[in-house]
Number of protein chains: 2
Amino acid sequence: MPVSIEPRKRPRQARAAATVEAILEATAHILEREGLGALNTNNIAVRAGVSVGSLYQYFPTKQAILTEIIRRKRRRLVDGIERALRAVDGATLADGVDGLIAATIEHQIAWPRLARTLEAAEAFLPLERETEALKQSLAAHIGGFLAEHGIADVEVATQDLIALVRGMIDAAGLAGETDRAFLARRIGRAARGYLMRSQADTV
Amino acid sequence: MPVSIEPRKRPRQARAAATVEAILEATAHILEREGLGALNTNNIAVRAGVSVGSLYQYFPTKQAILTEIIRRKRRRLVDGIERALRAVDGATLADGVDGLIAATIEHQIAWPRLARTLEAAEAFLPLERETEALKQSLAAHIGGFLAEHGIADVEVATQDLIALVRGMIDAAGLAGETDRAFLARRIGRAARGYLMRSQADTV
DNA sequence: ACCTGAACACCGTTCAAGT
DNA sequence: ACCTGAACACCGTTCAAGT
């Protein structure tokens with residue numbers, strides 16, 4: 001039987017909302033400091049200052065907690081990308097790509113271990129459909145921008161760009177890098193190299 | 001207390017060696033088809049055709065089984081890279097990079113879900129030191145090659161190249177791509193774009 | 001040396017009782 | 001409506017008995 005990952009009920013009172021936030025904060029904290037292996041519901045409840053029973057009032061499974069954290073993070077990513085695209089509206093391809101890279105770095109580098117751990121956690125969660133929807137959404141946004149600038153094979157290009165940007169940011173985050181401008185320049189070189197030759201291919 | 005991940009004892013008889021191989025094969029099979037969430041030791045034992053007791057004779061923990069699979073996979077990657085580097089000895093930078101990309105694709109794209117799942121599994125395993133050693137080894141090999149061709153900031157360049165190559169291959173694998181030549185060409189564009197501008201920067 | 005499977009321990013989840 | 005924590009179930013691991 002598929003594991004339930006949907007929140008169980010909405011908190012109606014302020015203290016209940018605080019309980020939910022405390023559970024999510026405790027989970028993120030444990031993931032960033034100790035990793036997935038150290039995460040269990042007792043752990044979470046103790047750090048959140050509530051009982052396990054309360055935890056299970058709002059989340060039917062441990063995986064539902066992880067799912068909520070992932071969904072919030074994804075929402076922030078999409079918001080960040082949308083904001084970046086509005087900001088670079090009418091800009092050149094190179095400037096636009098730089099804006100997208102900066103927005104993604106901003107989103108991904110703050111808690112590198114948490115980011116990596118959440119990606120690992122996805123292997124346990126039945127989120128394929130949502131992941132697909134996220135990709136579609138990013139593809140629509142980013143692909144639209146690329147198409148406006150004459151990039152061929154937009155779907156593949158979008159997949160490739162997202163993959164190389166994420167790969168390089170994750171590696172930098174795990175290596176402890178904090179100089180975002182330096183990282184953005186390197187990613188920009190790879191991305192523009194990819195895109196310029198992609199344009200050339202279409203000539 | 002740290003989880004033990006070292007093999008418990010070496011098989012001495014042929015049937016024991018067969019048992020170990022069956023356990024590893026069963027684990028890889030479950031990971032590729034059903035993912036980490038479906039992996040448990042009963043599962044593994046049943047599919048391997050042995051009892052749980054036998055499994056625990058050779059592996060002290062479930063994580064030790066995952067560790068052995070990861071170690072074998074890493075060994076194959078290093079071998080493949082070394083072979084590729086010997087093959088492109090004396091070649092141009094562009095040809096050498098193409099050779100490295102092809103070797104990495106060959107290694108990573110065969111069982112894309114298994115590859116992704118193993119990366120996720122690393123979040124549970126105390127493999128930091130080995131992961132660091134692997135990076136050092138790859139950095140020594142690939143960095144040496146890059147340095148011979150006048151690439152600046154070799155350590156960062158190596159990290160970036162590995163990250164973008166892996167990121168793009170993983171994404172392609174999960175998207176179900178099977179055309180390795182097409183994928184190699186796209187990765188080559190990004191990698192050469194990164195490196196050529198990197199060279200230009202040094203002028 | 002190798003194998004088996006019932007027994008034990010831990011952690012995810014439930015539920016009866018409370019405010 | 002929300003909270004608590006003891007009880008239950010499942011799966012990782014052990015161990016006594018077997019070939």
Side-chain angles (χ1 to χ4, degrees), chain A residues 1-27 30-31 34-69 121 123-126, chain B residues 1-27 30-31 34-69 121 123-126:
Chain A
M1 58 277 95
V3 184
S4 172
I5 56 168
E6 298 308 322
R8 182 163 264 159
K9 71 174 187 192
R10 293 289 177 109
R12 306 201 175 192
Q13 298 175 5
R15 65 169 170 163
T19 296
V20 168
E21 293 310 310
I23 290 166
L24 294 171
E25 193 282 329
T27 304
I30 294 165
L31 291 176
E34 305 176 64
L36 254 183
L39 188 76
N40 66 56
T41 48
N42 272 302
N43 232 359
I44 297 171
V46 168
R47 179 166 173 92
V50 301
S51 76
V52 244
S54 287
L55 186 158
Y56 279 95
Q57 267 199 305
Y58 301 101
F59 300 99
T61 61
K62 184 169 94 165
Q63 319 197 10
I65 305 174
L66 290 166
T67 299
E68 178 62 17
I69 292 179
F124 288 91
L125 306 173
Chain B
M1 57 279 97
V3 184
S4 173
I5 57 168
E6 298 308 322
R8 184 164 262 160
K9 71 176 188 190
R10 292 290 176 107
R12 306 199 175 195
Q13 297 176 5
R15 67 168 167 162
T19 296
V20 169
E21 293 310 311
I23 290 165
L24 295 171
E25 193 281 329
T27 304
I30 293 165
L31 290 176
E34 304 175 64
L36 254 184
L39 189 75
N40 65 55
T41 48
N42 273 301
N43 231 359
I44 297 172
V46 168
R47 178 163 173 94
V50 301
S51 76
V52 244
S54 287
L55 185 158
Y56 279 95
Q57 267 200 304
Y58 300 102
F59 300 99
T61 60
K62 185 169 94 166
Q63 319 196 9
I65 305 174
L66 289 167
T67 299
E68 178 62 20
I69 293 179
F124 288 90
L125 306 174

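So you know, we letter chains A, B, ... as the sequences are listed, proteins then strands, and number each from 1. The figures that follow rest on heavy atoms only: side chains count, while hydrogens, waters and symmetry mates do not.
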>> Over all strands shown, is B/Leu39 touching base, sugar-phosphate only, or nothing at heavy-atom distances under 4.0 angstrom?
In response: sugar-phosphate
> If you check every side-chain atom of A/Arg8, which of C/dC11, C/dC3, C/dT14 has the closest atom?
Replying inline: C/dT14
> What's the CG-P distance between A/Asn43 and C/dT13, to the nearest Å?
Replying inline: 14 Å
>> Nearest 0.5 angstrom please: B/Leu39 CG to B/Lys62 NZ, how far?
In response: 5.0 Å
>> Categorize A/Phe59 for me: base, sugar-phosphate, or nothing, with a 4.0 angstrom heavy-atom threshold over every strand shown.
In response: nothing
> Just how far, in rounded Å, is P of C/dG12 from CG of A/Leu66?
Replying inline: 11 Å
> Between B/Asn42 (CG) and C/dT4 (C1'), how many Å, whole number?
Replying inline: 13 Å
>> I need the B/Leu55 CG to B/Ile65 CD1 distance, nearest 0.5 Å.
In response: 4.0 Å
> So how far is it from B/Leu125 CG to A/Leu36 CG, rounded to the nearest 0.5 Å?
Replying inline: 11.0 Å
> Within this structure, what is the CD1-to-C1' distance between A/Ile23 and D/dC2, rounded to whole angstrom?
Replying inline: 12 Å
> Out of D/dA1, D/dG12, D/dT4, which has the shortest distance to the side chain of A/Arg15?
Replying inline: D/dA1
>> Nearest to the side chain of B/Lys62, heavy atoms from C-beta on, is which of C/dG12, D/dT13, D/dG5?
In response: D/dT13
>> Just the rounded figure in Å: distance from P of D/dG5 to CG of A/Leu55.
In response: 14 Å
> Of the nucleotides C/dT13, C/dG5, C/dC2, which one has an atom closest to the side chain of B/Ser51?
Replying inline: C/dG5
> With sequence neighbours left out, what residues match A/Tyr58 under ring pair (Phe, Tyr, Trp, His ring centres under 6.0 Å)?
Replying inline: none
> What distance separates A/Ile44 CD1 from A/Ile30 CD1, expressed to the nearest 0.5 Å?
Replying inline: 5.5 Å
> Could you give the OH-to-P distance, from B/Tyr58 to C/dC2, as a whole number of Å?
Replying inline: 4 Å
>> Let me confirm one number: the CD-CD distance from B/Glu68 to B/Glu6, rounded to the nearest 0.5 Å.
In response: 9.0 Å
> Nearest of C/dG12, D/dG5, D/dC3 to any side-chain atom of A/Val52?
Replying inline: D/dG5
> Are any of the side-chain heavy atoms of B/Leu66 and B/Leu31 separated by less than 4.5 Å?
Replying inline: yes
> Considering only C/dC11, D/dC2, C/dC3, which nucleotide approaches the side chain of A/Arg12 most closely?
Replying inline: D/dC2
>> So A/Gln13, base contact, sugar-phosphate only, or nothing? Heavy-atom distance under 4.0 Å.
In response: sugar-phosphate
>> At 4.0 Å (heavy atoms only), tell me whether B/Ile44 reaches a base, stays on the sugar-phosphate, or touches nothing.
In response: nothing
> Where the side chain of A/Asn40 is concerned, which of C/dG12, C/dC3, D/dT4 is the nearest nucleotide?
Replying inline: C/dG12
> Do side-chain atoms of B/Lys9 reach the backbone of B/Phe59 as a donor and acceptor pair under 3.5 angstrom?
Replying inline: no
>> Counting the atoms with a prime plus P, OP1 and OP2 as sugar-phosphate, which does A/Val50 contact under 4.0 Å by heavy atoms, base, sugar-phosphate, or nothing?
In response: sugar-phosphate
> How is the base pairing of DNA chain C summarised as a dot-bracket string, given the Watson-Crick and G-U wobble criteria with both distances under 3.5 Å, [ ] for crossing and | for another strand?
Replying inline: ||.|||||...|||||.||
